[in-house]
There are 2 protein chains.
Amino acid sequence: MFSKACEYGIKAAIFIATKSYEGKRVSPKEISAEIDSPQAFTAKILQALVKHNIINSVKGAYGGFEIDKTNIGNVKLSQIVNAIDGDSIYSGCGLGLEKCDENHPCPVHDKFKGVRDELKHMLEETNLEELALNIKSGASFLKL
Amino acid sequence: MFSKACEYGIKAAIFIATKSYEGKRVSPKEISAEIDSPQAFTAKILQALVKHNIINSVKGAYGGFEIDKTNIGNVKLSQIVNAIDGDSIYSGCGLGLEKCDENHPCPVHDKFKGVRDELKHMLEETNLEELALNIKSGASFLKL
DNA sequence: TTTATTTCGGATAAATTTATCCTATTTATA
DNA sequence: TATAAATAGGATAAATTTATCCGAAATAAA
Ligand code: FES
Ligand code: FES
């Protein structure tokens with residue numbers, strides 16, 4: 001469904017959010033330990049999230065990654081997915097035609113559209129805050 | 001969403017079905033021309049579909065690929081996807097945890113489950129016959 | 001200002017997916 | 001039986017994704 005990079009990116013953003021509520025910055029090392037991902041690869045993904053203004057980075061000693069506490073609720077899952085995987089998963093044709101076009105539909109278009117739109121809606125309506133709070137409360141988990 | 005191999009496999013199966021209604025067998029060459037896919041790679045995927053008893057192959061002169069006309073309606077999209085990509089797309093965890101487990105859910109589990117189940121349902125309820133008939137009638141397309 | 005810490009970013013490598021090529025095997029027909 | 005046509009399958013290559021490594025740049029504190 002999502003690329004590995006995207007899975008790591010989502011989990012990393014959630015973990016950073018939980019720590020940001022505590023006013024703490026986190027390093028790629030802490031993040032990869034917490035979400036069970038390769039450290040250097042995760043660092044690359046973090047750079048991409050920074051470039052897309054989804055998370056914030058602070059260089060140098062006592063630096064790390066964080067998200068503005070007051071903004072966590074505004075970050076949508078769709079922004080993260082779009083930053084890493086692009087929008088093809090919820091905009092593209094399910095059978096790989098150049099584009100999804102009502103006037104030139106692939107064989108599964110009518111059947112697929114509903115699923116894809118529901119996915120899109122879910123990604124656009126889900127924000128980091130609710131995901132982070134469920135992690136903090138122990139209702140959900142980032143690894144294993 | 002699906003791998004290229006899976007996209008080709010689905011389109012190939014649909015095309016083979018349309019020709020099987022006419023009592024005709026088709027070659028990888030015809031198939032790849034019709035669905036706009038690399039011929040040798042497509043041939044490999046066809047072998048996999050044969051092994052999973054989704055399509056039938058006839059070797060030698062006047063041979064080719066076909067599907068038993070009376071069986072086209074029984075072939076579900078889920079069988080094709082499962083034969084090529086496995087079931088992870090509609091059974092696995094959306095964030096890549098070892099398995100999707102209600103008792104150890106990832107952060108998006110509750111949100112993702114609905115989409116994934118709808119996808120599963122769609123794949124299990126859609127059969128080759130309806131897809132092939134829409135191609136024959138010109139209501140849908142296999143390429144561009 | 002020096003040092004320790006930390007992200008940034010380029011180069012490279014490993015793994016997987018996608019794609020090609022060539023030969024063997026099978027089979028219908030002449 | 002000989003031949004031509006067609007799938008099967010192994011070996012290999014190209015492309016993409018995933019992953020690692022290392023030095024440069026930035027920054028806070030001593
Ligand atoms: S054309 Fe394929 S999903 Fe719309
Ligand atoms: S645990 Fe991740 S989708 Fe169910």
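None of the values given here were measured: they were computed from a predicted structure. Within every chain, numbering begins at 1; the chains are lettered A, B, ... in the order of the sequence lines, protein sequences first and strands thereafter.
- Taking atom CD1 of residue Ile45(A) and atom P of nucleotide dT7(C), one finds them 15 Å apart after rounding to whole Å.
- Distances from the side chain of Pro28(A) to the nucleotides dC8(C), dT7(C), dT18(C) place dT7(C) closest.
- The distance between atom CG of Asn56(A) and atom C1' of dT27(D), rounded to the nearest whole Å, is 14 Å.
- No donor-acceptor pair closer than 3.5 Å links the side chain of Asn56(B) to the backbone N or O of Asp68(B).
- Residues of residues 77-98 of chain A that place a heavy atom closer than 4.0 Å to DNA chain D do not occur.
- Put simply, OH on Tyr8(A) is 11 Å from C1' on dT17(D), counting in whole angstrom units.
- When side chains are defined from C-beta on, Tyr90(B) counts as touching Asn82(B), because their heavy atoms get closer than 4.5 Å.
- Inter-residue side-chain proximity for Lys113(B) and Arg116(B) is flagged as met; some heavy-atom pair is nearer than 4.5 Å.
- The distance from atom CZ of Phe65(A) to atom C1' of dT27(D) is 14 Å, rounded to the nearest whole Å.
- Between the CZ atom of Arg25(B) and the P atom of dT7(D) there is a distance of 10 Å, given to the nearest Å.
- You'll find the side chain of Leu46(B) reaches within 4.5 Å of the side chain of Pro28(B), heavy atoms only.
- In this structure, CD of Gln47(B) is placed 6 Å from C1' of dG9(D), rounded to the nearest angstrom.
- In this structure, the CG atom of Leu46(A) is 16 Å from the C1' atom of dT20(D), given to the nearest Å.
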Encode nucleotides 20-30 of chain C as B, S and - characters from 5' to 3', where the letter depends on protein heavy atoms closer than 4.0 Å: B to the base, S only to sugar-phosphate, - to neither. B-----BBSS-
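- Rounded to a whole Å, the NZ atom of Lys29(A) is 16 Å from the C1' atom of dC21(D).
- Between Leu95(A) and Pro107(A), some side-chain heavy-atom pair lies under the 4.5 Å cut-off.
- For Ser27(B) and dT7(D), the shortest distance from a side-chain N or O to OP1 or OP2 is not below 4.0 Å.
- Considering only residues two or more places apart in sequence or on other chains, Asp101(A) meets the side-chain contact (heavy atoms from CB on, under 4.5 Å) condition with Lys99(A), Asn103(A), His104(A).
- Pro105(A) places a side-chain heavy atom less than 4.5 Å from the side chain of Phe141(B).
- The side-chain heavy atoms of Ile14(B) and Asn134(B), taken from C-beta on, include no pair separated by under 4.5 Å.
- With hydrogens and angles left out, the side-chain atoms of Ser37(B) and Thr42(B) include a donor and acceptor closer than 3.5 Å.
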